[in-house]
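Reminder, nothing fancy here: chain letters follow the sequence lines and each chain counts from 1.
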There are 2 protein chains.
Amino acid sequence: MVVRIDVSDDEVDRIFRALADATRRDIVRRTLTGPASVSQLAATYDMSFAAVQKHVAVLEGAGLVTKQPRGRERLIHGNPETLQRAQRLLDAYEGIWRGRISRLDALLEDD
Amino acid sequence: MVVRIDVSDDEVDRIFRALADATRRDIVRRTLTGPASVSQLAATYDMSFAAVQKHVAVLEGAGLVTKQPRGRERLIHGNPETLQRAQRLLDAYEGIWRGRISRLDALLEDD
DNA sequence: AATACGTACAACCATTTGGTTTCACAATAC
DNA sequence: GTATTGTGAAACCAAATGGTTGTACGTATT
C-alpha cells in the first residue's frame with residue numbers, strides 16, 4: 001500500500017487535469033503571450049461565455065493563469081512558473097527512463 | 001527547420017488526462033524502470049484489482065504504457081516516447097513565454 | 001483432474017466534468 | 001439617468017470518471 005502523505009499530489013493532479021483540454025491549452029497559450037480579458041477569450045470559442053469562464057476557473061485553480069481586475073474586466077495572465085513545474089515533473093520521468101537518476105522517488109512524490 | 005509535433009488534440013487530451021492521477025503517475029514511474037504485471041502493480045495500491053486494471057487501461061489508451069502478454073500475465077511497460085511528446089508540448093509553451101520561438105502557432109494547433 | 005492464479009469484462013453506483021440558461025450586479029458609455 | 005458591457009454565480013443536465021462486486025476463462029501448479 002502506497003500511503004501518500006504528500007498533499008500536493010492534488011496540485012499535480014490539477015495541473016495535468018487543466019492541461020487535458022484543448023480549449024484550456026489554447027487559453028494558456030494566448031495568455032502567455034499577453035493578457036486577455038475573459039470576454040476577449042470567449043469571443044473566439046464556439047461555446048457560451050459561462051463555459052469559458054469555467055475553463056478559466058479551472059486554469060486558475062491549477063495555478064496556470066492568474067486573474068487581475070482592471071475596471072470591469074478581468075485580465076487573465078498565463079503563469080509560466082506552474083508550467084515549469086509540470087515540465088520538471090516530466091523531466092523527472094524521463095530521467096527515470098534514462099537511468100540517470102538513481103533515487104528519484106522522493107522527487108516524484110512531488111515537492 | 002520546423003519539426004512538427006504531429007499529435008491530435010484528442011491524443012494530447014488523453015496523455016495529460018492520464019497523468020492527472022497520482023496512482024497512474026506511480027504506475028508510469030514503476031513501469032519505466034522495468035516491466036510489471038497488473039497484479040504486481042495492484043498489490044501495492046489500496047484499491048481493487050479491477051480499479052488498477054482500469055488505470056492501466058487509461059494509460060494504455062494514452063500510449064503511456066504498453067501491455068505484453070507472457071503466459072497468464074500481462075507485462076506493463078512504460079512508454080518513454082509518449083512522455084517525450086508531452087515534454088515537447090510543455091517545452092513549446094515555455095518557448096512561447098520566452099518569446100524565443102517566432103512561429104509556434106502551427107506547432108501548437110496540434111493538428 | 002482439480003485447484004489456484006492472473007486477467008478480462010460487465011453491471012452498477014456516486015461524483016465530477018463540461019456544457020447550458022438564467023439572474024444579478026458593478027463598471028462603462030450614451 | 002438609462003442602456004450596455006463584463007463578470008459572477010446558481011440551477012440544471014448528459015456524459016465521463018473512478019471506484020465497487022461478480023462472473024468467466026485461459027494458464028499454471030499440484
Side-chain angles (χ1 to χ4, degrees), chain A residues 1-4 7 9-28 30-31 34-78, chain B residues 8-28 30-31 34-78:
Chain A
M1 320 290 161
V2 170
V3 180
R4 303 188 180 286
V7 197
D9 265 346
D10 290 342
E11 198 181 342
V12 181
D13 287 5
R14 280 195 299 270
I15 293 173
F16 283 127
R17 188 77 187 72
L19 290 172
D21 180 282
T23 301
R24 289 197 290 260
R25 286 194 299 275
D26 195 61
I27 292 175
V28 168
R30 289 172 62 186
T31 56
S37 72
V38 185
S39 51
Q40 281 175 341
L41 291 172
T44 63
Y45 304 114
D46 189 21
M47 66 184 72
S48 70
F49 173 81
V52 176
Q53 239 181 342
K54 283 191 182 182
H55 282 306
V56 170
V58 170
L59 290 168
E60 197 183 10
L64 283 164
V65 305
T66 56
K67 214 183 285 187
Q68 175 190 357
R70 198 187 61 178
R72 64 181 163 190
E73 294 182 330
R74 301 291 183 274
L75 293 189
I76 311 301
H77 299 71
Chain B
S8 73
D9 272 343
D10 288 343
E11 208 177 336
V12 180
D13 287 4
R14 280 196 297 270
I15 294 173
F16 283 126
R17 188 78 188 72
L19 290 173
D21 180 281
T23 301
R24 288 197 291 260
R25 287 193 298 275
D26 196 61
I27 292 175
V28 168
R30 289 173 62 187
T31 56
S37 72
V38 185
S39 51
Q40 281 175 340
L41 292 172
T44 63
Y45 305 113
D46 190 19
M47 67 184 71
S48 69
F49 173 82
V52 176
Q53 238 182 342
K54 283 192 182 183
H55 282 306
V56 171
V58 170
L59 290 168
E60 197 182 12
L64 283 165
V65 305
T66 56
K67 212 184 287 187
Q68 177 191 355
R70 197 188 60 179
R72 64 184 162 185
E73 295 182 331
R74 301 291 181 274
L75 294 188
I76 311 301
H77 298 72

Novice: Please list, chain by chain and in numerical order, all residues satisfying salt bridge (charged side-chain N to carboxylate O under 4.0 Å, His left out) with B:D13, sequence neighbours excluded.
Specialist: A:R25
Novice: Can you confirm whether B:L75 sits close enough to B:H77 that some side-chain heavy atom of one is under 4.5 Å from a side-chain heavy atom of the other?
Specialist: yes
Novice: What is the distance, rounded to the nearest whole Å, between atom CG of A:D21 and atom P of D:dT17?
Specialist: 12 Å
Novice: What distance separates A:L64 CG from A:R24 CZ, expressed to the nearest 0.5 Å?
Specialist: 9.5 Å
Novice: Taking the side chain from B:R74 and the backbone from B:K67, do they hold a donor-acceptor pair closer than 3.5 Å?
Specialist: no
Novice: Would you say a side-chain N or O of A:S39 is under 4.0 Å from OP1 or OP2 of D:dT7?
Specialist: yes
Novice: Within the structure provided, determine whether B:H55 and B:L41 are in side-chain contact (heavy-atom separation under 4.5 Å).
Specialist: no
Novice: Residues from residues 57-78 of chain B sitting under 4.0 Å of DNA chain D, heavy atoms only?
Specialist: B:G71, B:R72
Novice: Take B:Q40 and A:V52, find for each the nucleotide of DNA chain C with the closest heavy atom, and name the residue whose nucleotide sits nearer the 5' end.
Specialist: B:Q40
Novice: Just how far, in rounded Å, is C1' of D:dG18 from CG of A:D13?
Specialist: 12 Å
Novice: Measuring from atom CG of A:L59 to atom CD1 of A:I27, what distance do you get when rounded to the nearest 0.5 angstrom?
Specialist: 5.5 Å
Novice: To the nearest 0.5 Å, what is the distance between CG (B:D26) and OG1 (B:T31)?
Specialist: 9.5 Å
Novice: How long is the gap from NZ on A:K54 to OG on A:S48, to the nearest 0.5 Å?
Specialist: 8.0 Å
Novice: Give every pair of a protein N or O atom and an N or O atom of nucleotides 9-17 of chain C that lie under 3.5 Å apart, one pair per line with the distance.
Specialist:
residue, atom, partner, partner atom, Å
C:dT17, O3', A:R17, NH2, 3.1

Novice: For C:dG19, does either OP1 or OP2 sit under 4.0 Å from a side-chain N or O belonging to A:S48?
Specialist: no
